[in-house]
Amino acid sequence: MFNFFKSKKEPERQLNHASELKKGDMFSVIDSFAYPSWLKGQTLRVIDIQTYQYQHSSDTEFVLETNSGQVVFLQIEQDDGEQWANFSIKIQRDDVEQIFGLDEFSRIFDEESLTHIQVQNTPEQFMQFLAKSYQQSESPYVCYFHNKDFRGQSLPRYEQEGGEPCEMICLASPGEGHGLNIEIWDGGETEVSLTLTRPITDIVDLFPGDAK
């Protein structure tokens, strides 16, 4: 006998590409020596999604956490029809001093021209995230940070209230496989990130969470 009153299940959300990730979703990174041991072959969970707004564009940033609690950030870059996964980690002042030396690093802020800096030391824990040198790719610029996912929504008008302003300074390695990003916030607080750029195909086994 048929039960015509049987409740219909909502279809499960499909997750086909990293750009569709929502909070609570998970994915794996391929097991490759291009990544440090704490990241290669690991499953990452999206714990937050935030937005960097520029004058004519924006970037969505996924905040990810490993099973061991380490945090890494992901932005997906489109370049000449190709997609890249930009994995970033934040480093502390002591790390900056060990890697670059404070005199070398301060040249980024002191020189009027676009700066080229050399890495002085490559600590083992940052080996895969570091190049040998970096070139400043453009002059510093202002962006607005939103602790919110604006995909599918209209962004606030640029410079309107609601976003937190910061000055960005970006440097890249000669092959653009690595990046060094500096964010200067109101009050002078400075955050430094190392970026590893990898093919988007390094992201595999996407698992949808409970998000609708």
*Geometric class of the F145/W185 ring pair [parallel <30°, tilted 30-60°, perpendicular >60°]*: perpendicular
_Q92 atom CD, over 12 foreign heavy atoms within 6.0 Å_ = no
*asked:* I need the I117 CD1 to L180 CG distance, nearest 0.5 Å.
replied: 5.5 Å
*asked:* In the structure I gave you, are the side-chain heavy atoms of K22 and P208 within less than 4.5 Å of one another anywhere?
replied: no
*Under the side-chain contact (heavy atoms from CB on, under 4.5 Å) criterion, do Q42 and S28 qualify, and how do the steps go?*
CA-CA 6 Å; Q42 297 298 307; S28 297; over 6 Å; no
*Could you tell me whether the side chain of F105 reaches within less than 4.5 Å of the side chain of I182, counting heavy atoms only?*
yes
*asked:* Between D25 and R13 (salt bridge meaning N to carboxylate O under 4.0 Å), is one present in this structure?
replied: yes
*asked:* Applying a strict under-4.5 Å side-chain criterion to I, L, V, M, F, W and Y, I'd like to know whether L130 and W84 cluster together.
replied: no
*Answer whether the closest heavy-atom distance between the side chains of P123 and Q98 falls below 4.5 Å.*
yes
*S32 versus K40: any side-chain heavy-atom pair under 4.5 Å?*
no
*Step-by-step side-chain contact (heavy atoms from CB on, under 4.5 Å) determination, D149 to F62*: CA-CA 9 Å; D149 180 5; F62 304 97; over 6 Å; no
*When rounded to the nearest 0.5 angstrom, what is the spacing between CG in L21 and CG in L44?*
10.0 Å
*Show your reasoning for whether side-chain contact (heavy atoms from CB on, under 4.5 Å) applies to L39 and F129.*
CA-CA 11 Å; L39 188 53; F129 275 86; 4.2 Å; yes
*Does H17 reach the main-chain N or O of S19 with its side chain, forming a donor-acceptor pair under 3.5 Å?*
yes
*Heavy atoms only: give me the nearest S58-T51 pair and the separation to one decimal.*
CB-CG2, 4.2 Å
*Considering non-hydrogen atoms only, spot the tightest contact between C166 and E183 and give its length.*
SG-CB, 4.3 Å
*Enter the distance from Q120:CD to D103:CG here, rounded to the nearest 0.5 Å.*
9.5 Å
*When you look at N86 and E77, which way does the side chain to side chain donor-acceptor pair (under 3.5 Å) test go after all the steps?*
CA-CA 7 Å; N86 292 330; E77 178 185 357; 3.1 Å; yes
*asked:* Using every non-hydrogen atom in the two residues, find where I203 and A18 come nearest and quote the distance to one decimal.
replied: CD1-CB, 3.9 Å
*From the options N147, L64, V71, select the one residue that forms a side chain to side chain contact (heavy atoms under 4.5 Å, CB included) with D48.*
N147
*Out of curiosity, F73 CZ to I89 CD1, how far, rounded to the nearest 0.5 Å?*
10.0 Å
*Does atom CZ of R151 have more than 12 heavy-atom neighbours, drawn from other residues, nucleotides or ligands, at distances under 6.0 Å?*
yes
*Can you tell if the side chain of Q50 reaches within under 4.5 Å of the side chain of K148, non-hydrogen atoms only?*
no
*Flag side-chain contact, heavy atom, 4.5 Å: S133 against P174*: yes
*Would you please test T60 and F150 for side-chain contact (heavy atoms from CB on, under 4.5 Å) and show each step?*
CA-CA 8 Å; T60 300; F150 273 101; over 6 Å; no
_For the backbone of Y54 and the side chain of S57, can you confirm whether one donor and one acceptor N or O come within less than 3.5 Å of each other?_
no
_Are Y144 and Y52 an aromatic pair, judged by ring center distance below 6.0 Å?_
no
_Go through it in stages, so that I can follow the logic: the residues are T195 and N181, the test is side chain to side chain donor-acceptor pair (under 3.5 Å), and I'd like the CA-CA distance, side-chain angles, deciding distance and then a yes or no._
CA-CA 8 Å; T195 298; N181 298 313; 3.2 Å; yes
*With distance as the sole test, does H178 use its side chain to make a donor-acceptor pair with the main-chain N or O of K132 at under 3.5 Å?*
no
*Flag yes if L102 and I99 sit in one hydrophobic cluster, no otherwise; membership is Ile, Leu, Val, Met, Phe, Trp, Tyr, and two members link when side-chain heavy atoms are under 4.5 Å apart.*
yes
*CE on M168 to OG on S139, rounded to 0.5 Å*: 14.0 Å
*In terms of hydrophobic clusters joined by side-chain contacts under 4.5 Å, are F27 and F207 together?*
no
*Look only at the side chain of T190 and the backbone of G188, and say whether a donor-acceptor pair between them is shorter than 3.5 Å.*
yes
*Considering all heavy atoms, the nearest K23-I49 contact*: N-CD1, 3.6 Å
*Say whether, by atom type as modelled, one donor and one acceptor occur between the side chain of E191 and the main chain of I184 under 3.5 angstrom.*
no
*asked:* Membership question, hydrophobic clusters at under 4.5 Å side-chain separation (ILVMFWY): are I76 and V72 in the same one?
replied: yes
*Hey, could you give me the SG/CD distance between C170 and Q135, rounded to the nearest 0.5 Å?*
13.0 Å
*asked:* Using modelled atom types and a 3.5 Å cut-off, is there a donor and acceptor pairing between side-chain atoms of E20 and backbone atoms of N16?
replied: yes
*For the student: nearest non-hydrogen atoms of H146 and G163, plus distance*: CE1-CA, 3.5 Å
*Short side-chain to backbone donor-acceptor contact, R198 and Y35, under 3.5 Å*: no
*Taking all non-hydrogen atoms of both residues into account, name the closest pair between I169 and Q136 and its distance.*
CG2-NE2, 3.9 Å
_Starting from F87, can I reach L206 by hopping between I/L/V/M/F/W/Y residues whose side chains sit under 4.5 Å apart?_
yes
